[in-house]
Student: 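Could you have a look at this structure, given as structure tokens, before my questions?
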Amino acid sequence: MSVNLFNRLLVAPIPYLPKSLVWPLSRRYIAGTDLDSAYSAVNDLNAAGCSATVDVLGEDSRTRDEAETARDIYLAAIEGIERNSLDCNISVKLSDLGLRQDAELCFAATRALVAAANEHGSFVRIDMEDSSVTDATLDIYRRLREEYSNVGTVIQSCLRRSTDDIKNLLDSGPTYIRLCKGIYLEPEIVAFNDAGQIRRSYCELLEQLLAGGVQKVGIATHDPALVEFAVEYINSKKINQTRYEFQMLLGVAESLRGRLVAAGHPLRVYVPFGERWFAYSVRRLRENPEIAGHIVRNLFTRS
Ligand SMILES: Cc1cc2nc3c(=O)[nH]c(=O)nc-3n(C[C@H](O)[C@H](O)[C@H](O)COP(=O)(O)OP(=O)(O)OC[C@H]3O[C@@H](n4cnc5c(N)ncnc54)[C@H](O)[C@@H]3O)c2cc1C
């Protein structure tokens with residue numbers, strides 16, 4: 001049986017299982033359901049030499065109320081991060097802040113978060129979702145960047161358009177970019193589907209960003225080959241530590257994470273939390289059944 005088919009078989013029953021059975025699969029990757037559990041996870045990460053970014057689980061708000069609730073949890077997080085003296089910022093999904101219903105509502109909510117973060121000396125990362133909202137996401141990022149410097153976004157190396165997007169962003173002024181492979185299943189016409197090509201694209205885009213003067217790049221990957229490429233590039237070009245950080249997801253590739261921290265590289269961990277952990281887990285697992293394989297393997301092995 002192929003690995004892919006095995007993973008798909010693992011995913012199929014998950015939406016029908018009781019939450020109590022799915023939670024043990026998800027909990028390594030999710031800090032908990034409330035802000036206090038996120039603060040506690042971040043506190044532990046800070047003690048281990050990592051900075052963090054918290055993500056309130058949720059996407060695709062359907063009503064203004066849902067979008068405003070998401071905004072308010074983030075506002076509370078910005079205040080709580082400072083109150084608890086944590087080395088942490090926030091990562092937001094624009095669809096959670098209403099992007100698919102009303103781009104102006106979403107812009108206003110995101111602007112409120114960036115303004116609050118600015119007052120608290122913090123930073124907002126705008127996550128990148130599927131390719132149907134890439135233009136709208138970059139548009140909101142550009143508008144916010146005209147007013148504030150404490151905001152960044154994400155580029156996905158699987159997308160064919162990413163070289164041009166980076167060029168445009170670098171041309172329009174100082175920019176903060178997280179570079180990742182991209183988690184969404186995309187049609188061939190917009191994205192590379194071959195793993196080797198996505199990797200090559202990642203290396204080229206990382207060079208484009210660092211050689212092109214990006215203010216700071218978040219190197220978001222657990223792929224050992226990409227981490228090795230990045231470390232060699234950083235060392236050979238003597239890239240200052242203010243211009244990059246590695247970024248990893250909570251609970252993933254912890255030994256690689258430990259080695260990077262021990263070698264003195266800045267590293268930020270992405271900490272998801274929230275009431276909507278179940279819907280998030282099911283959607284992620286359906287979209288990318290390979291993760292189910294990771295989750296099950298991680299139950300039995302330490303990475
Ligand atoms: C900090 C951070 C932020 C991200 N933000 C975004 C975003 O805004 N938009 C977006 O589309 N994508 C985002 N991603 C996801 C990213 O696009 C990839 O889908 C994901 O990181 C897997 O790719 P990889 O580079 O780690 O390589 P892979 O080849 O997929 O993974 C390398 C190795 O890492 C381990 N691994 C990877 N993922 C997992 C997992 N979930 N559980 C257990 N083990 C795993 C496995 O051992 C695997 O062999 C983010 C990833 C990180 C780390």
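Just so you know, these numbers use all the heavy atoms, side chains as well, and skip hydrogens, waters and symmetry mates. Both counts, for ligands and for their atoms, begin at 1 and track the order of listing.
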Student: I'd like to check which ligand 1 atoms, numbered from 1 as shown, lie under 4.0 Å from a non-hydrogen atom of Asp127.
Tutor: 8 (O)

Student: Regarding Ser40 and Asn43, do their side chains bring together a donor and an acceptor under 3.5 Å, going by distance alone?
Tutor: no

Student: Report yes or no: do Val261 and Leu86 belong to one cluster of Ile/Leu/Val/Met/Phe/Trp/Tyr joined by side chain heavy-atom distances under 4.5 Å?
Tutor: yes

Student: Is there any N or O on Lys181 that sits under 3.5 Å from an N or O of ligand 1?
Tutor: yes

Student: Evaluate side-chain hydrogen bond (donor to acceptor under 3.5 Å, both in side chains) for Thr221 paired with Asp223, printing each intermediate quantity in order.
Tutor: CA-CA 5 Å; Thr221 181; Asp223 184 332; 5.0 Å; no

Student: Does ligand 1 have a heavy atom under 4.0 Å from the side chain of Val252, from its backbone, from both, or from neither?
Tutor: side chain

Student: Just to be sure I'm reading this right: ignoring hydrogens, which of Glu245, Arg178, Gln156 gets closest to atom 5 (N) of ligand 1? Compare them by their nearest heavy atoms.
Tutor: Arg178

Student: Thr153 side chain to Ile126 main-chain N or O, any donor-acceptor pair under 3.5 Å?
Tutor: yes

Student: Side chain or backbone, does Tyr270 bring an N or O within less than 3.5 Å of an N or O on ligand 1?
Tutor: no

Student: Given ring pair (Phe, Tyr, Trp, His ring centres under 6.0 Å), test Phe123 with Tyr176 step by step and report yes or no.
Tutor: CA-CA 10 Å; Phe123 181 87; Tyr176 290 96; 5.2 Å; yes

Student: For ligand 1, which atoms have a heavy atom of Tyr184 less than 4.0 angstrom away?
Tutor: 11 (O)

Student: Pick one of side chain, backbone, both or neither for how Leu249 approaches ligand 1, counting any non-hydrogen atom pair under 4.0 Å.
Tutor: both

Student: Evaluate side-chain hydrogen bond (donor to acceptor under 3.5 Å, both in side chains) for Arg161 paired with Ser131, printing each intermediate quantity in order.
Tutor: CA-CA 10 Å; Arg161 57 179 287 167; Ser131 61; over 6 Å; no

Student: Should Gly182 be listed as contacting ligand 1, given a heavy-atom distance under 4.0 Å as the test?
Tutor: yes

Student: Examine the proximity of ligand 1 to Tyr29 and report which part, side chain or backbone, both or neither, has a heavy atom under 4.0 Å away.
Tutor: side chain

Student: Do any nitrogen or oxygen atoms of Ile183 come within less than 3.5 Å of a nitrogen or oxygen of ligand 1?
Tutor: yes

Student: Before signing off on this row, confirm whether Gln247 and ligand 1 have an N or O atom pair separated by under 3.5 Å.
Tutor: no

Student: Counting only heavy atoms not in Arg83 (residues, nucleotides, ligands), do more than 12 fall under 6.0 Å from its CZ?
Tutor: yes

